[in-house]
Every structure is written in C-alpha cells, then in structure tokens.
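Please read the structure below before turning to the comments.
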Amino acid sequence: MQLINVALRERGYPVYVGSNALDLVAELIPTNAQRVAIITQEAIPWTVHSDRKELTIHINNSESAKSLTVVEDICRKLAIAGFTRADVLLAVGGGVVTDVAGFVAAVYHRGVRFINVATTLLGQVDAAIGGKTGVNLLEGKNLVGAFWQPTAVVCDTDTLATLPPREYRSGLGEVAKYHFLGSVPEAQAANAELPTADEAVVAACIQIKADVVAADEREGNKRAVLNYGHTLAHAIETAGHYNLRHGEAVAVGIAYAAEVANQLGRINAERLAAHYQVLTAYGLPTKLPEGLDSKKLLALFERDKKAIDGLTMVLDGPNGVETVTAVDKAVLAEALNKLR
Ligand code: GLY
C-alpha cells in the first residue's frame with residue numbers, strides 16, 4: 001500500500017493506493033459524521049460499509065448522469081434523509097460518480113465532506129484526485145462545477161481486475177498522458193490485449209497529479225498541463241456520438257497535440273514518434289473517428305475552458321508540457337489532417 005499526500009495545507013488529504021485499500025474506508029469516515037451517503041452506480045461491483053446511518057443513492061451508468069437534474073435529485077434525497085453539514089458522502093465508482101458526488105458535496109448545505117473511493121483506472125489516476133467536480137451542459141462537458149477537495153481518496157488496485165476492457169483502456173489514455181508530464185514506470189504486458197497498470201504505475205501517476213495540484217489548485221496556470229490531449233478530446237466528445245471513451249479520445253488528443261507541437265517546431269520528429277510509441281504500446285487509438293468535420297472541431301476548440309486568449313493549447317516543447325496561447329488556426333487545421 002502506498003500513501004501519497006495532496007499537500008494543500010488545510011485542504012490537504014491522503015490518497016491510499018494498493019491492494020485491499022477498500023478495507024480502509026470505514027476508518028476514514030470522520031468520527032463526528034452521523035450519516036453516510038454512498039453515491040454509486042448499479043454496475044459498480046464494489047461497495048463499502050460504515051457503522052453510521054447509511055443511505056445508498058444510485059445514479060445512471062452513463063455520462064448522462066453528469067447533469068444538474070441528477071445533482072438536484074441527489075440533494076433532495078439527502079435533504080429528505082436529514083443530512084447535515086456534519087455528515088459525509090462516499091463516492092464509490094469512476095469519474096462520473098466522483099465528478100457528480102463531488103459537486104453535490106460542494107453545493108449541498110454550501111459544502112459537506114466527501115471521500116472518493118475510485119474503482120476505475122481513470123478515476124484512480126485522474127478524476128478522483130484534485131477536487132475538480134462538476135457536470136455537463138448540452139453546450140459542453142464540465143461547464144458547471146466547483147473546486148472542492150475530498151477529505152481522502154482510496155484507490156484499491158484490486159478493483160481494476162474486474163473492469164471491462166474498454167473501460168480499462170480508457171484509463172490507459174490518462175496513464176499515457178502522465179508519461180509526458182513526469183516519470184511513469186512502463187506498464188507490464190499482462191496479455192496480448194492490454195498492459196497492466198499496477199500499483200507502481202497508478203501511484204506514479206497520482207504522485208505527478210498531486211504535485212501539480214499542490215502547486216496550482218485552481219488552475220491559475222500550471223494545472224492546465226493535466227489537460228494535455230484534452231482540447232481535441234473534449235471537442236470530439238462534444239461533437240457527437242463517435243463511440244470513443246474519454247481516455248480513448250484523450251489518446252487521439254495527445255497524438256494531435258504532438259502533431260501541433262511538431263508543426264510549430266516545438267518538438268522534433270523523434271519526440272513526436274515517442275508520443276505514438278507510448279500510445280501504441282497501450283493499444284490506444286491515434287486517428288480521428290470517421291466523419292468528424294474539421295471546421296466543427298475548430299469551432300469547439302474556441303469554447304474550451306482554457307481558451308481565455310484566442311486558441312489555447314497545452315503543448316509539449318523545449319520546456320516540457322505547457323500552455324501555449326494564440327495558436328495559429330492554419331496549424332491546428334493542418335494537424336487535424338495528420339490524424340486522418
Ligand atoms: N483532469 C484535469 C485536472 O484535474 O486538472
């Protein structure tokens with residue numbers, strides 16, 4: 001078991017990573033909480049127990065659960081059950097669950113405590129850490145949300161063994177991202193299909209994320225590097241139903257960011273090839289889904305939350321991955337063609 005601290009002073013918290021970490025949950029519940037609400041999905045085969053009065057709330061199994069309607073529904077259930085600001089929420093599941101439950105925790109009674117129990121690879125290496133919570137609008141992903149830190153995060157790596165392969169691969173898209181932000185051990189090939197992200201790999205990704213979040217909790221600048229590959233990924237996800245999971249879309253987005261950086265002369269051909277090598281080793285896609293119109297994607301880039309000053313991208317370069325503003329539209333369009 002590894003313990004990683006997200007060093008945010010009074011908002012800091014521990015992240016437990018390893019086999020049997022689920023056993024720790026009961027003792028992480030604050031002693032003064034009288035009630036515990038477990039927010040989860042029917043499809044999640046894991047649960048946790050406490051010695052407090054429990055309420056279990058199931059949300060939809062899909063991204064559609066990330067809506068203000070679901071947030072209202074959960075808040076009403078909490079109110080009916082008499083939850084107060086002293087009580088605690090447990091988010092048990094992947095990124096959809098931790099994003100929604102975290103946002104409920106941020107707004108119910110103007111803020112209650114919550115613990116993330118991440119049971120997917122994507123949740124463990126990204127969504128459950130760092131306090132970004134929120135839901136989608138029809139106009140785009142995660143457009144309504146809050147920074148609200150959990151009081152603890154539990155990442156039981158045993159839960160990864162039961163993930164459906166697509167879900168697992170989606171997590172590998174975020175793992176691939178960390179290879180360009182810091183040092184991650186190579187995931188071992190478990191079988192011909194997918195490499196295994198074991199405790200060492202998951203912990204290395206979490207450590208990178210914890211360090212970035214500790215340096216820039218509210219995305220003043222540095223935290224934007226965690227969105228490496230996400231500009232195109234979010235545009236693909238918003239553009240329509242292209243049957244790509246989030247991490248798969250991030251993988252295409254990482255290939256795209258590398259192509260843009262290469263065209264701008266920020267990285268050489270060798271570094272560009274290194275991007276494709278990591279993505280391919282994880283069995284991730286690097287091409288745009290058929291039928292996606294470049295004009296539509298470019299228009300969606302402008303709606304990106306990073307786009308404070310014209311078209312902003314997170315790009316690799318001589319100083320590592322960083323935010324680059326006012327990227328030329330012609331370069332962005334040409335790099336899209338490289339992914340076809
Ligand atoms: N997923 C990006 C971040 O937490 O900042």
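Numbering of residues begins at 1 and proceeds along the displayed sequence. Read the numbers this way: they start at 1 and go in the same order the structure lists the ligands and their atoms. The structure presented is a predicted model; accordingly, all values stated were derived computationally and were not measured.
When non-hydrogen atoms are compared, ligand 1 lies under 4.0 Å from the side chain of K209 (C-beta onward) but not from its backbone. If you look at V213 next to ligand 1, there are no close heavy atoms at all, none under 4.0 Å.
Proximity to K132 (heavy-atom distance under 4.0 Å) selects the following atoms of ligand 1: 2 (C), 3 (C), 4 (O), 5 (O). Proximity to D126 (heavy-atom distance under 4.0 Å) selects the following atoms of ligand 1: 1 (N), 2 (C). Within ligand 1, the atoms closer than 4.0 Å to a non-hydrogen atom of N227 are 2 (C), numbered from 1 in the order shown.
Salt bridge present: R169 and E248 bring a charged side-chain N and a carboxylate O closer than 4.0 Å. At a threshold of 4.0 Å, the pair E54-R35 does not count as salt-bridged, since none of the basic side-chain nitrogens sits closer than that to a carboxylate oxygen. Contact check on R271 versus D316 returns a salt bridge, with a Lys/Arg side-chain nitrogen under 4.0 Å from an Asp/Glu carboxylate oxygen. Ion pairing between a basic and an acidic side chain is recognised when a charged N comes within 4.0 Å of a carboxylate O; K222 and E217 show no such pairing. A salt bridge is absent between K132 and D99; no separation between the charged side-chain nitrogens and carboxylate oxygens falls under 4.0 Å.
Not a single heavy atom of E174 lies less than 4.0 angstrom from ligand 1.
Atom 5 (O) of ligand 1 has R223 NE, 2.7 Å as its closest protein atom, hydrogens excluded (heavy atom only).
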**Request:** Go through the steps for E237 and E63 under the test side-chain contact (heavy atoms from CB on, under 4.5 Å), then give the verdict.
**Result:** CA-CA 11 Å; E237 290 170 294; E63 182 79 15; 5.8 Å; no
